[in-house]
Amino acid sequence: MSRVAIYPGSFDPITRGHLNIVERALHVFDRLIVGVLDNSKKTALFSVDERLGQIRKAVGDDPRIEVDHFDGLLVDFAERKGATVLLRGLRAVSDFDYEFQMAHMNKKLFPEMETMFMMTGEDFFYVSSRLVKEIAALGGDVSALVPENVFTALTGKYKRS
Ligand code: ADP
């Protein structure tokens with residue numbers, strides 16, 4: 001049986017921290033679906049289409065990876081995709097509370113699905129999309145924290161605004 005995991009998030013934008021999780025997940029799972037949450041309540045810097053394009057470019061041409069978006073319940077998306085593992089990254093204790101709650105809630109909604117956590121890569125524990133945007137907006141150099149195409153996109157966004 002092939003093991004399919006779903007890695008959901010906002011990815012606004014995708015960072016090298018996210019990519020580190022994607023790479024390592026491929027050592028554990030046969031297929032990985034990167035799911036971009038299309039959340040109209042959260043104001044995002046990049047549109048869903050921009051984020052999908054950025055992720056596809058950053059992960060390259062790997063047949064084991066699928067990049068798609070979803071709105072509504074994550075468990076419905078996972079079920080539709082045939083995924084039985086929900087993968088999340090953990091950086092610090094501050095991530096834990098929310099993740100703990102979500103994992104239990106998702107278990108209630110879709111008992112066949114397991115949430116699994118992967119510890120952040122040691123070089124990336126301090127990297128978040130939010131911080132990357134804040135630094136880039138102030139003109140700081142985030143080129144080491146995001147893939148090249150995202151760096152270009154960030155520079156473009158903040159030059160215009
Ligand atoms: P969300 O809004 O769902 O938290 P994010 O795009 O911020 O979406 O994060 C998606 C997932 O990636 C989450 O599980 C988050 O903890 C994880 N993640 C984000 N940045 C890192 C990082 N630097 N190292 C490891 N995991 C990370």
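Both counts, for ligands and for their atoms, begin at 1 and track the order of listing. Reckoned from all heavy atoms, side chains included, excluding hydrogens, waters and symmetry mates.
- Remark: ligand 1 atoms within the under-4.0 Å shell around heavy atoms of Gly89 are 14 (O), 15 (C), 16 (O), 17 (C), 26 (N).
- Heavy atoms of other residues, nucleotides or ligands lying less than 6.0 angstrom from NZ of Lys81 number more than 12.
- Arg16 and Asn20 share no donor-acceptor pair across their side chains, judged by distance under 3.5 Å alone.
- Listed by atom number, the atoms of ligand 1 under 4.0 Å from Gly9 heavy atoms are 3 (O), 8 (O), 10 (C).
- One finds the CD atom of Glu99 at 11.5 Å from the NE2 atom of His104 (value rounded to the nearest 0.5 Å).
- Close contacts of ligand 1 with Gly17, meaning ligand atoms under 4.0 Å from a residue heavy atom, involve 22 (C), 23 (N), 24 (N).
- A side-chain donor-acceptor contact under 3.5 Å links Asp141 and Ser143.
- Residue contacts with ligand 1: Phe117 is excluded, as none of its non-hydrogen atoms falls under 4.0 Å.
- Which parts of ligand 1 touch Phe11 is read off a 4.0 Å heavy-atom cut-off, strictly below it: atoms 6 (O).
- Remark: ligand 1 atoms within the under-4.0 Å shell around heavy atoms of Pro8 are 10 (C), 11 (C).
- Under a hydrophobic-cluster definition in which Ile, Leu, Val, Met, Phe, Trp and Tyr are linked whenever side-chain heavy atoms come within less than 4.5 Å, directly or via other members, Met119 and Leu19 are assigned to different clusters.
- The shortest N or O to N or O distance between Val127 and ligand 1 is below 3.5 Å.
- Distances from atom 4 (O) of ligand 1 to the heavy atoms of Glu122, Arg130, Arg88 show the closest one on Arg88.
- At least one heavy atom of Ile21 sits closer than 4.0 Å to an atom of ligand 1.
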